[in-house]
There are 2 protein chains.
Amino acid sequence: MSDLLSSIKIEVNPLIYLKDPESSDLGRKILSTSLTMIDELGMEHFTFRKLAKELKTTESSIYRYFESKHKLLLYFYNWYWAWLEYKIVFGTNNIEPSSSKLKKAIEIICQPIKNEKAERENISFSLRSLINIVISESSKAYLIKEVDEENKAGFFLAFKTVVKRLVKIVHEIDPNYPHAHTLVSTCIEGILHQYYFARHLPSLSDVSKDSDQLADIFFHIIYNNLKQQGK
Amino acid sequence: MSDLLSSIKIEVNPLIYLKDPESSDLGRKILSTSLTMIDELGMEHFTFRKLAKELKTTESSIYRYFESKHKLLLYFYNWYWAWLEYKIVFGTNNIEPSSSKLKKAIEIICQPIKNEKAERENISFSLRSLINIVISESSKAYLIKEVDEENKAGFFLAFKTVVKRLVKIVHEIDPNYPHAHTLVSTCIEGILHQYYFARHLPSLSDVSKDSDQLADIFFHIIYNNLKQQGK
DNA sequence: TCTTAATTAAAAGTAATACTATCAAAAACG
DNA sequence: CGTTTTTGATAGTATTACTTTTAATTAAGA
């Protein structure tokens, strides 16, 4: 997989894969093709057999990279949040006051959702598919019986790091707000789910499919709960 | 399955089952045993074969009631939200002002989570297991490729109805708030996820496993976004 | 109570999934 | 050029998610 700037590589926890898929041609094909296949079929209907057929390779070759499709999902999940963290760190750098920083961070979270074409980065795979997968499938990455072991292995770290970043900004605005983790994780998940709802269960949402209000709505949901200090 | 008051029956969309599981002994056993098994094993590891073994019956007998384990999950999902709606309607009746009504409704959503033993209702199955399933598995009920067809068939109606109830209360407090559906659905899901996070991914939450702050936190998240009219 | 219809059990079978193992062929690399 | 690494081909296993058929059992109606 490629990266945000051509010189920076998104690192994914090596415990997630058996063999680094970025290290070979087949590995990269596994990533890019499985991404669009999972987007099209959904996790339930996606299988390594179908992927192997599509790639004109064999199941056993794929299993050399990932021990299960669940691990493959974790790979995408971590890649996405690591990439987004990078964008947030860069995009909010030097922004003042903290409320604007928060706004910007939320916009970055909503941005790839809003419009893939805004992306002019050299990413070698379908960012649109990656986002769709994060929206529709990533809850399945942690809503499993094995969650505690996998958490210990650091499989959810990238997402937790993004939450931590936002919490830090929230605490710059209001150091005394006691529920920043709850507020932030609820809103990040909320953003993703609202996008899903807008598409599939519209009565659970007020935004239309292609609207760009989400960032604004969620900025206010957070901001209205904080007592601004200073600025 | 039983009910809140002994005279009232929770109705589940009949398209979800092939044969009403409440109508026979085996059906009721399927419900109560699968409930605890899904709670223990998780959806991924739960199978009709294992259930049949536990019940000393056969797979084909179970398939006469539910065409898949997904439908069984939908059954529990709908039962739960239909039951909760009932509790909300009763529990918030005659409460004034609307802000107190909102508070009460959120408490009802959090209450079974908080403490199963507070329940003194004649429910013939494990409410604790049902709640665990709603928390850990119910996202999987709608994060699927078939969501649009299933939505058309009304499989998510019970949840949507609860959201609608809360939206109505929110609009009593502030008729002009334009994002009530987003706010309410985000918070209801947020409550469930926070409980999961508190248990399994505590760095995404500020509440401890057995705390009862959730209702308060989420009441304020909603309330602070509303401009109170009159009372 | 006898008959009939509905329900469940038993057994077997199918197609697909989620893997694992072995070994040979082909690239790549030093 | 030889060796290590990577891939392909083939096969196999255990389990899942069902379906089908037939026989036995139970319940319900006349």
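A note on names: the letters A, B, ... follow the listed sequences, proteins ahead of strands, and every chain is numbered from 1. Everything numeric here is computed off the predicted structure, so don't read it as measured data.
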What salt bridge (Lys or Arg N to Asp or Glu O under 4.0 Å) pairs are there with at least one residue in residues 154-170 of chain B, not counting sequence neighbours?
B:E85-B:R165
From the 5' end of DNA chain C to its 3' end, which nucleotides mark the outer limits of contact with chain B, defined by a 4.0 Å heavy-atom distance cut-off (strictly under)?
C:dT7 to C:dA11
With the sugar-phosphate defined as primed atoms, P, OP1 and OP2, and the base as all remaining atoms, what B/S/- string results for nucleotides 6-12 of chain D, 5' to 3', for protein heavy atoms under 4.0 Å?
SBBBB--
Taking only N and O in the side chain of B:K50, is any of them less than 4.0 Å away from OP1 or OP2 of D:dT16?
yes
Any residue meeting ring pair (Phe, Tyr, Trp, His ring centres under 6.0 Å) with A:H70, in chain and number order, not counting sequence neighbours
none
d(NZ, B:K69; C1', D:dT16) in whole Å:
8 Å
Can you confirm whether more than 12 heavy atoms, excluding those of B:K53, are under 6.0 Å from its NZ atom?
no
For residues A:Y65 and A:S24, is any side-chain donor paired with an opposing acceptor at under 3.5 Å?
yes
Checking A:Y196 side chain against B:Y142 main chain: does a donor-acceptor pair fall under 3.5 Å?
yes
Calculate the interatomic distance between B:H70 atom NE2 and D:dT16 atom P; express it in whole Å.
19 Å
What residues, two or more places apart in sequence or in another chain, satisfy salt bridge (charged side-chain N to carboxylate O under 4.0 Å, His left out) together with B:E189?
none
Have A:E146 and B:H45 got a donor and an acceptor in their side chains that come within less than 3.5 Å?
yes
Angle by which the axis turns from one end of the helix from C:dT1-D:dA30 to C:dG30-D:dC1 to the other, five pairs per end, to 10 degrees
20°
Would A:D206 and B:H181 count as having a side-chain donor-acceptor pair, cut-off 3.5 Å?
yes
Plane angle bin for A:F46 and A:F48 - parallel if under 30°, tilted between 30 and 60°, otherwise perpendicular
perpendicular
Check for a donor-acceptor pair, side chain of B:K145 on one end and backbone N or O of A:E44 on the other, with a separation under 3.5 Å.
no
Figure out the CG/C1' separation between B:L72 and D:dA17, and round it to whole Å.
14 Å
